[in-house]
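Before any comments, here is the structure.
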Amino acid sequence: MNNKIQAKDLINVGLFTVIYFVLGCCVAIPIGMVPIFLPILGTLWVIITGIPFMLFLTRVKKFGMITLMAVLSGLLMGFTGMGFFGVPLGLVFGLLGDFVVKSGEYKSIKKGILGYAIFSLWMVGTYIPMYFMADNARADFASQFSEDYADKVMSVMPMWSFILVVASIFIFAIVGGLIGKALLKKHFKKAGIA
């Protein structure tokens with residue numbers, strides 16, 4: 001078997017990244033309009049996107065495919081105005097997710113779910129401006145939405161909650177992976193993943 005990523009692998013990465021991202025945005029955009037829900041957007045995103053990611057795992061047989069998906073997701077998030085911190089985090093957590101899935105020889109559902117949870121931490125990059133560049137983030141929210149929206153967002157995101165955001169993304173990605181596993185049993189069986 002050729003271990004290098006080929007054109008069909010890149011097509012799979014591109015296709016599943018678009019599906020993953022669009023589905024995530026379908027959840028994030030309406031919920032993000034309510035400021036108090038912004039801290040849990042990442043959690044909701046990873047629950048819902050566990051389904052397309054787990055389906056993606058039935059196509060992943062090459063190291064680097066998960067990393068590419070994470071970096072592309074970070075880029076797409078950056079282009080939507082949420083900052084580009086998801087790109088370096090996508091590189092780090094995508095690589096770690098790739099290593100975990102590869103350690104199961106692309107056949108372990110448990111390693112796949114853990115790999116998804118690690119991969120999902122790329123999303124922490126979207127929260128970095130809100131926690132570590134709060135004045136700039138508040139100004140951006142005020143210019144895009146309103147002063148009231150900006151004040152409410154910043155009031156529900158005190159610095160101590162950052163660790164809760166990170167932990168909830170990881171934990172609920174496992175939930176999303178388990179949901180994907182439950183819904184896609186036939187696909188995993190066909191792909192030889194157990």
Side-chain angles (χ1 to χ4, degrees), residues 3-5 9-10 12-25 27-28 38-57 59-106 108-134 136-137 157 159-178 180:
N3 288 326
K4 291 185 179 177
I5 293 178
D9 301 315
L10 292 174
N12 276 321
V13 170
L15 176 66
F16 279 96
T17 300
V18 168
I19 293 167
Y20 167 88
F21 197 81
V22 168
L23 187 60
C25 285
V27 171
L38 215 54
I40 64 165
L41 270 184
T43 302
L44 298 173
W45 179 291
V46 298
I47 290 172
I48 255 336
T49 58
I51 299 164
F53 187 89
M54 296 309 284
L55 187 57
F56 174 62
L57 284 184
R59 309 288 175 93
V60 174
K61 305 291 179 226
K62 311 271 178 70
F63 186 85
M65 291 176 72
I66 294 170
T67 305
L68 282 172
M69 186 179 197
V71 170
L72 287 173
S73 297
L75 277 171
L76 289 170
M77 193 64 82
F79 290 133
T80 64
M82 296 301 290
F84 286 94
F85 293 100
V87 175
L89 290 183
L91 183 61
V92 171
F93 293 114
L95 272 171
L96 291 173
D98 255 321
F99 278 117
V100 168
V101 174
K102 184 180 181 190
S103 74
E105 299 178 1
Y106 305 103
S108 168
I109 193 69
K110 288 179 182 175
K111 297 276 178 99
I113 292 170
L114 179 59
Y116 172 59
I118 294 167
F119 154 91
S120 295
L121 292 173
W122 75 265
M123 180 157 280
V124 172
T126 63
Y127 286 94
I128 286 175
M130 291 176 253
Y131 284 103
F132 299 100
M133 295 168 235
N136 289 343
M157 299 186 79
M159 185 55 103
W160 60 264
S161 67
F162 181 71
I163 194 72
L164 294 178
V165 167
V166 174
S168 67
I169 288 171
F170 183 83
I171 291 164
F172 284 95
I174 292 172
V175 172
L178 290 169

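Every value quoted in this text rests on a predicted model; they were computed, and no experiment measured them. Numbering starts at 1 and runs along the sequence shown.
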Would a line drawn from the ring center of [X] to the ring center of [Y] be shorter than 6.0 Å?
X: F63; Y: F99; value: yes
X: F21; Y: W45; value: yes
X: F119; Y: Y20; value: yes

> Going through the checks in order, is the side chain to side chain contact (heavy atoms under 4.5 Å, CB included) test met by L121 and L96?
Replying inline: CA-CA 10 Å; L121 292 173; L96 291 173; over 6 Å; no

Grab the two heavy atoms, one from [X] and one from [Y], that are nearest each other, plus how far apart they are.
X: G97; Y: I118; answer: N-CG2, 3.8 Å
X: S161; Y: Y131; answer: OG-OH, 2.7 Å
X: T43; Y: S168; answer: OG1-OG, 2.9 Å
X: T17; Y: S73; answer: CG2-OG, 3.9 Å
X: A173; Y: A117; answer: CB-CA, 3.6 Å
X: M82; Y: P129; answer: O-CG, 4.4 Å

>> Evaluate K111 against V101 for side chain to side chain contact (heavy atoms under 4.5 Å, CB included), listing each step before the verdict.
In response: CA-CA 5 Å; K111 297 276 178 99; V101 174; 5.6 Å; no

Would you give the length of the straight line joining atom [atom1] of [X] to atom [atom2] of [Y], rounded to the nearest 0.5 angstrom?
X: I48; Y: L23; atom1: CD1; atom2: CG; answer: 5.5 Å
X: D98; Y: M69; atom1: CG; atom2: CE; answer: 11.5 Å
X: I47; Y: I169; atom1: CD1; atom2: CD1; answer: 11.0 Å
X: L57; Y: M65; atom1: CG; atom2: CE; answer: 9.5 Å
X: T49; Y: I19; atom1: OG1; atom2: CD1; answer: 12.5 Å
X: L68; Y: L10; atom1: CG; atom2: CG; answer: 6.5 Å

>> Looking at Y116 and G50, would you say the former's side chain and the latter's main chain have a donor-acceptor pair under 3.5 Å?
In response: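 Confirmed, Y116 side chain pairs with G50 backbone.
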
>> Keeping K62 on the side-chain end and K4 on the backbone end, is there a donor-acceptor pair under 3.5 Å?
In response: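 Present.
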
> Is there a ring pair (Phe, Tyr, Trp, His ring centres under 6.0 Å) between Y127 and F132 once you walk through the steps?
Replying inline: CA-CA 9 Å; Y127 286 94; F132 299 100; over 10 Å; no

> Please walk me through it: do F93 and V124 pass side chain to side chain contact (heavy atoms under 4.5 Å, CB included)?
Replying inline: CA-CA 10 Å; F93 293 114; V124 172; 5.7 Å; no

>> Is there a side-chain contact between I113 and M54 in this structure, where contact means two heavy atoms from C-beta onward sitting under 4.5 Å apart?
In response: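 Yes. Closest side-chain heavy atoms under 4.5 Å.
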
> Is there side-chain contact between T126 and F85, with at least one heavy-atom pair below 4.5 Å?
Replying inline: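 No, every pair of side-chain atoms sits at 4.5 Å or beyond.
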
> Do L38 and M130 pass the side chain to side chain contact (heavy atoms under 4.5 Å, CB included) test, and can you show the C-alpha distance, the side-chain angles, and the key distance before you say yes or no?
Replying inline: CA-CA 10 Å; L38 215 54; M130 291 176 253; 3.8 Å; yes

>> Tell me whether the rings of F16 and F56 are parallel (<30°), tilted (30 to 60°) or perpendicular (>60°).
In response: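 Taking F56 first and then F16, their aromatic rings sit tilted (interplane angle of 30° to 60°).
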
